[in-house]
Each structure stands twice: as structure tokens, then as C-alpha cells.
J.: 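Below you'll find the structure I mean.
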Amino acid sequence: MTELNANTPLPLVPEPLPPSRGQLREIWRQFRTHRGAMVGLVVFVLILLLVGIGPLIWRIDPTYVDFRARNLGFSAAHPLGTDQLGRDTLARMMAGGRISLSVGLVAMAIALTLGSLIGLLSGYFRRLDAPLMRVTELFLALPLLPLLLLMVTLFREPLGKSLGPAGGTFLLIVIAIGATSWMQTARIVRGDVLGLKQREFITAAQSIGTSELRMLTRHVLPNVISPIMVAATLGIATAIITESALSFLGLGFPPDFPTWGRLLFDAIDQMQMYPWRVILPGMFISLAVLSVNYIGDGLRDAMDPRIRGR
Amino acid sequence: MRMKRLMLGAAALSVMAPAAMAERGTDGQLNIIYWQAPSTLNPYLSAGTKDTESASMVLEPLAGFDTAGNVIPKLAAEVPSRENGGIAEDLKSITWKLKPDLKWSDGSPVTSADVKFTADYCMNPDGGCAQLARYEGVEKIETPDDLTITIHFKEPRPNPFTAFTGSQSPVLQKAQFEACTGAAASTCTEQNFGPIGTGPWVVKEFRTNDVVTFEANPNYRDPAKPAFATAMIKGGGDAAAAARSVLETGEFDYAWNTQVAPDVLAQMKSAGKGETLAAFGTLVERLELNMTDGSSDQPEGERSTAKHPNPILSDERVRRALSMAIDRGMLNEIGYGEAGKPTCNLVPAPEAFASDNTGCLAQDVEGAKALLDEAGWVVGGDGIREKDGRRLKLVYQSPINPIRQDFQALIKQWWQDIGVETELKTIDASVFFGGDAGSPDTFQHFYADVEMYANNFDGTDPEPYLAQRVCAKMPSPETQWQGENINRFCDPEYDKLVAELGKTAEQPARGDIAKRLNDMLTKDSMSILPLIARGRFSAKSVTLGGVDMGAWDSELANTADWFRIK
């Protein structure tokens, strides 16, 4: 893979340069050839537009109860029907998507930052390896649900008071999910960093006296970006699903803030009579998760110099 | 078309039914499903409905309750009263007479010694008896002869029908349980899983939390009963699955507690295999309005205590407006359908104790707004009312349950319409009802302004239930958050009236006092807003006859009379 032809002049520092404009264009060119990733990207952007701009156009309040319009099917007034209290399903899907996607993205960002940082430090600095990995194991061994219960009981009220019930819960949930799902990323990154450390270009960079910080940011991090991307896409999916489970247990958002997970759980009773109420949120969760996964797949291929062009 | 034919067939069958009354054991197997599986057949060791009701197939009390809540004799020859001399003039003792020639299922005679033993068994301080409340105040029990039992109470007892009345306090066989008293009670697995009884059934096999099978009792006092030869109680699943197994697939003859959404139920019923039964007891879904301040503005240890009255809900006009904004009929239609009815009473039954209060049933949004205006709450910029710089904002909590969350959404909107902002909160039911003094989320802590749940009282006499609302029974840190005066209602007049109820024995007078107490809590002070009187709701197959479900005793207490409609 990295064998160099004897005739090509050996570059002095064979490091991947920070992505310049040209490189970004190259990644995009590569990305476009990945059909699944392109479809995923289009779907994800559509979902983002729907939940982002949709509520500005479709202005029905998702929590407005209309008794005369209970259990309606698809119609012009309610394109996706109404639920058992006459609340508009389209408005609820959009409001729910906003919360679910933001929880997914923010929690993933937290988990990713934590995981990459700990993985990098642990893989690169031999002295930090053992303690950091023990911490990782400690977190892996923690039972998630009791921990979340404790966090919610302790912090819901003070947070809710200063940030409002929705803001407080949001912060609590993303931190809770983020703080309990970074371990896999840390493990993967550490493994890759350990492998990278033995490579010639690292030794070369060290020999010219590159500082540690620069080593990490310039040489190591860009080379482990592809596993991080994959972990990130998987992380979004897990975060959306964890949030659903939490809402179901009553530890999540208050019941008047719809999320995709809550819509799904609320509809289970009526699954036989109104299957769309389960299918719609389920479909949106699956679509969001799948599209993000494909985007991640495409990005990895496009950014990994070893796979690129194959 | 096919459905129609089935329905016609069923109708024809039910016309022929009375002719099909048969002798013992001719109707095959009776299949019952309890989606909460029985874990023991000794009702003295479990307060669970599933356990006491399963046990009532085998064990019988001296007297039970009929569908109207009246006491009817079971093992007793007749119900003691003042007229027949069974209840002493000073209300301090009651004398029961057993039916003559009663036999246990093993053939041995039932005597007064068995009855006395049962009371001693439950009242043993080391036994951890789950039904101890039914024997509260019993001083001693005398057995002058083999058929006579006299129970002496420490205090005059206006309602003596607690011990040995109803399926929660049946008679155990002395010979079988003699070695199981005190600390040994829970170790007697064989006895607890297979009690010898006087009822229509004998336990054949008991598998904990799974299935119980029964055979007809050869020594049952009525030689023609039970009509079925064998019976089974299967446990597990959920309410919807249980309802489906009777109403839609017809696998079972009887399903307990089939509480599912009305429209889901309607669809199941359309299969024509079964019908639902509702019986209204004392279970009321209500909003409790906190008379004290539960917000976190107060220091821990003083939240929701009498030290800080609620800044918003202390005003009776606000409470009344909150009640007027609610359409109880709509709530019932969405949440309970046939299994509930809108109510304004905390004590909705039995009839002798139920107030005729129906003033809250009609929704009156304009009236509610006017009342809030009058109370000085004026509409602010965003539609929410304000007074002296304080927003009219309430925290409204409830345990997690799909119907309750629908109710929360509806009530929030109604309150929004009159300018009240509501913050909803949901709590896991096992935490909410868990009674843990360390958890801030229990219903006793009530760290909110409004909370919604359902509660009822045991038996047919509401005295202990109404006595829960006296000032002294407020939960607080000093009482480890125990106490049943959940909304911290406190009115010296009320306390006086409760004391008066304790001294009154004659029926019409007792009923009148109970009604006045009920009205003080509901329509006068509006400190409790009853919403829905919820019934027992079960399902039976169209081919099962003789079922007469009441709300006052075990649903399975009369299985001896059940038969197959042929």
C-alpha cells in the first residue's frame, strides 16, 4: 500500500497536508462516486430541511389538541393524519425530529470529542495509556440506566430551573448520553494510534523535532479520522435510540415535547388500528440512522488515502 | 356475513342457556387469564389482587360482598346484625355462627377452632401478615362451641365486617397451617402454594408466577357445583394480550383487568367472541392540588410542608377555576370509555355514602376565566395570567401511563385556554408509588403543584379513607414522608366531623356525615378535583355463564356458579 516506487522522489515529510481547497475538492470528488453515500446525503439533507424549515411553513402547534379531529387519516388539512387526541402528526414529526436529531448530533459530538481525546492521549503517550484505559474500562462497566436515573434525579430540577424544562432536559440528556458512550471511540482510536506510532513518517517527523502538540494535530489525528467518522455515524444512531428509551422510561423529555422515540412508543397501543403512527416515526428514525451511516461510509472511503481511488 | 352468523349463533345459545344447568364437573375446563401471575395462594402473605383473587377459588371467608356491596354469608349461617343479636349493643363484639356440617376439601370438619387459628395466624407479630389491617382492633376471639365464634374489639366498632369478611381474610385450616405460624409463615411453601380450603376448587398444581390448575372440590357444600370439572389460571402478558385472548381469539373464558384504550377494545370486541364487564367501586382518578409550596424555592426539608402555603393554589377561586376548565366527559371518552365514568366525588360508591354532587361535570371556560379575573390574575402579554409579578404557572406531575399522559396533554390545553401555564412532569410508577422516604419523586413528597393518580378504599366503608385527610396525617420530613393527607388539606371543622363519624353507628347518619366530608374536600374547598370513577373491567367469553362481577369482593369469589353456555 505504502510501498514507494524507487523512481519516485521520496518526499521529505510524507505527511498528509491539512486539507486545502484542492484536497477538499478531491474528497468531494471521491465521495460523489460512492452511490450509497450520495443517496444518504440527499436523504439526510431532506430530513434536516424538513425538521429545520418545515415548522416555519407548516405552522400547526404540535401540542394543540383538537377533539373534533381525532384519529384522522391522511387529508389536506392533516397530510399525515392526527393522533388519538387530534394532534397533527406532521407537525409532531417535525417537532420530534428537531429534538431527536439535535440530541443525536450533540450527544455524538460530545462522545466523539471525549473519545478521540482519550484515545489519542492514551495511544500516543505511553505513561497515560494504563490509567486512561482503566478509566475507559470503568465507564464500560458502569450500568447506564441507574447512572442516568441518578443524574436525572440530582440535576433535573436545578437545570430545569435555570434553562427551562426542555433546555434543562436537553443538556442533561446529551451530557448523559455523551458521557456514557465515548468508550468505543476511545478504544478504536487508541488502537489506530498505536499502529501509526510505528510508522516511518512519524519517526521522521520526530527526528526533525516536531512538538508533541503538532505531532498530534498534524500527523496523528488526520490519519485516524476515518475510524472516528465511522464511530461518529454509529454514535448518532445510538444516541437517537437511547433518547427514545429514556423518554419511554420517563427520564427523558417531558411528555409535551414530542420526540421520534416518544411518538413511536405512544403509538404502540394503537399499532393494529393505525399502523401509520408507528411506521412514520419508525421510518424517520431508520432513515436518519441509515443515511448517516452511509454518509460515514462514503466519507471514510473518500478520506482514507489507502482506499482512495480503488 | 360470517360475523352476523356468529352473532346470531351466540344469541341463540344464550337463549338456551338456562336449560343447560348441570351437575358438578360436566362442563369441562374453565380457563382464566390473569396477566399479573399469582405468586402465592396464601392471601395473608401477599396484598396483591392477583394473589388474593386466585386464592378465593379455594379459600373462603365467613362472609363476602355481593355486587351492591352488601354483606352476604359464605361459611357463616347468616350475617350477624343488631336485630339477630349477632352484633352487641355496645358495638364491641360480633358473634358468627358457622353453617353446620361444613367440610374441608380433605374431608375433615370445619370448626370454630379453624377460624380462631386464622386470626391468631395473621395477628402473630412475627408473621408479617399482609392483611393485618382487617384484624385491627381485635382484642380476643372466643369459641364457646364448635360452630360459634365471638370477636371482641378494643373499641366500639361501627363497621365490624373486616375480619373474616371478603376474600382478603378467608379461613385457613388449622391442621394444615399449625406449624406455619410466626416467622415460619413464609417458609411453608407446600402449604402456601396448596392451601386446603372449603371453596369449589382444590389446587392440583401451582407453578409460581406462571400457572395454577384446579380440580372440582369433591366435598364442596353444594353437590351440584361447580359446573366445571377443572380450572386453570394462567398468568403473564399484558392487559391488551389478555383482552385479545378472550375477545378476539377465544382461547380463554375469562380475563382479569382488561384495561386498554376504548378504540382498541372496540376493535377486539368486533370479533364477537366475548364481552366486557364493568363494575364500579371506589377507585377514583383525581387531581390533588397541593395546598403547600412544593417548589424548589423553598429549602429542602420545608418543601411541601405546612410552613409555606402554596402561593397560587391557596386561593379557592383559582382551584375552582382549574376544575371548571376541565371537561370530564371528554377525558372519560378518550381514556376509559365503558370502564369509567366522570365523577365529582372522592367517594363515588357505595350508594349510601356517595354524595349527589355533579356540579363539576359541565365545563365552563368563561366562568373559569371570570373567576380568575376576580381573583386578581390578569392576562399578560403571552396569554398567561399574572398577579403581583408572579406568573400563573403550575407543575403537574403524574406516573407514566399512556392514558395519564393523554390526560396531561388535554388538561394542559384546557388550562392554557384560561391563561394558566402548565409544566408537565412524568415519574416512573414504581418510584411515584414506591414510598421511598429518600426519593423526592414520590406522591407523598408532592414536590409539585398538581398531581394525578388513582386511589380507592378497601371494603364498603369510607371512614378510614376519609379520616386520611385530617391535619395530623400530612406527610412531612418529621413523619419520614408517611401519611395519607397527600394534598395537605387542613380544616379543623373537617377533623371534628371525622371524629363524629367514628362515634356514629346508625346507617343513615353515617352516610350523611361521609357525604359532608366528601363535599368538604371536593365541591366546597376544591382541594381535590375528582375526574373519573374507574371501574373494574374484565372480559368474559360469550359461552361463559353465571358471571356476576361486583366491585367489592374477589372477581373469582363465585366461580362455583359459573357454567358453560351450551
Side-chain angles (χ1 to χ4, degrees), chain A residues 61-68 70-72 82-87 92 145-146 148-150 152-169 245-258 262-275 277, chain B residues 238-240 244 248 260-268 270 294-297 300 303 327 329-331 333-335 393 395-414 416-417 421-432 436 438-441 447-448:
Chain A
D61 181 354
T63 57
Y64 180 73
V65 175
D66 182 1
F67 310 114
R68 282 149 300 166
R70 282 156 52 200
N71 299 324
L72 289 188
T82 58
D83 69 0
Q84 74 277 10
L85 297 180
R87 292 174 293 199
R92 287 175 79 71
L145 227 47
L148 289 174
L149 256 170
L150 189 74
V152 172
T153 317
L154 287 181
F155 304 122
R156 177 154 68 179
E157 264 188 61
L159 275 177
K161 216 168 168 183
S162 47
L163 298 167
T169 318
L246 282 177
S247 291
F248 181 60
L249 287 173
L251 305 174
F253 288 86
D256 42 348
F257 292 88
R262 175 171 284 283
L263 290 176
L264 186 60
F265 282 122
D266 283 354
I268 284 177
D269 271 352
Q270 274 107 0
M271 187 156 67
Q272 273 199 316
M273 281 183 297
Y274 308 105
R277 279 192 216 153
Chain B
D238 55 30
R244 187 163 286 130
E248 208 171 315
V260 290
D263 40 1
V264 178
L265 199 71
Q267 193 215 13
M268 289 179 186
S270 65
S295 82
S296 52
D297 297 339
E300 194 59 46
R303 294 176 72 176
D327 181 350
M330 176 64 74
L331 285 179
E333 192 187 321
I334 287 174
K393 183 180 172 204
V395 177
Y396 172 12
Q397 66 181 18
S398 132
I400 293 173
N401 165 316
I403 295 177
R404 293 210 170 106
Q405 263 75 78
D406 282 356
F407 277 23
Q408 280 188 313
L410 281 163
I411 291 173
K412 176 179 171 157
Q413 179 155 328
W414 283 323
Q416 180 91 38
D417 290 345
E421 187 183 2
T422 316
E423 180 187 332
L424 300 185
K425 197 172 156 191
T426 54
I427 298 164
D428 186 71
S430 55
V431 175
F432 189 76
D436 177 2
S439 163
D441 286 334
Y447 283 179

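Every chain is numbered from 1, with letters handed out A, B, ... down the list of sequences.
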J.: Considering only heavy atoms, which portion of A:Asp83 lies under 4.5 Å from any heavy atom of chain B: side chain, backbone, both, or neither?
T.: neither
J.: Go through the atoms of B:Ala261 and report whether side chain, backbone, both or neither lie under 4.5 Å from a heavy atom of chain A.
T.: side chain
J.: Which atoms of B:Asp417 come close to chain A, meaning under 4.5 Å heavy atom to heavy atom: side chain ones, backbone ones, both, or neither?
T.: neither
J.: Could you list the residues that satisfy salt bridge (charged side-chain N to carboxylate O under 4.0 Å, His left out) with A:Arg277, not counting sequence neighbours?
T.: none
J.: Please round to the nearest 0.5 Å and tell me the distance separating atom CG of A:Leu85 and atom CD of B:Gln413.
T.: 9.0 Å
J.: Does any heavy atom of chain A fall under 4.5 Å from the side chain of B:Asp327, the backbone, both, or neither of them?
T.: neither
J.: How far apart are the closest heavy atoms of B:Ala409 and A:Val65, and which atoms are they?
T.: O-CG2, 4.1 Å
J.: Could you tell me which residues satisfy side chain to side chain donor-acceptor pair (under 3.5 Å) with B:Thr422, sequence neighbours excluded, listed by chain and number?
T.: none
J.: Would you mind checking which part of B:Arg404 comes under 4.5 Å of any heavy atom in chain A, side chain (CB onward), backbone (N, CA, C, O), both or neither?
T.: neither
J.: Under a 3.5 Å cutoff, is there a donor and acceptor pairing between the side chains of A:Gln272 and B:Arg244?
T.: yes
J.: Determine the option with the most heavy-atom pairs under 4.5 angstrom with chain A, choosing from B:Gln267, B:Gln416, B:Gln408, B:Glu333.
T.: B:Gln267
J.: Is B:Asp406 in contact with chain A via its backbone, its side chain, both, or neither, using a 4.5 Å heavy-atom distance?
T.: both
J.: With a 4.5 angstrom heavy-atom cut-off, could you sort out which part of A:Asp266 is near chain B: side chain, backbone, both or neither?
T.: neither
J.: Pick one of side chain, backbone, both or neither for A:Phe257, based on which atoms fall under 4.5 Å of a heavy atom in chain B.
T.: neither
J.: Considering only heavy atoms and a distance below 4.5 Å, find which of B:Asp297, B:Val431, B:Val260 pairs most often with chain A.
T.: B:Asp297
J.: Does a side chain donor of either A:Gln84 or B:Asp263 reach within less than 3.5 Å of an acceptor in the other side chain?
T.: no
J.: So do the side chains of B:Ile334 and A:Arg70 get within less than 4.5 Å of each other, counting heavy atoms only?
T.: yes
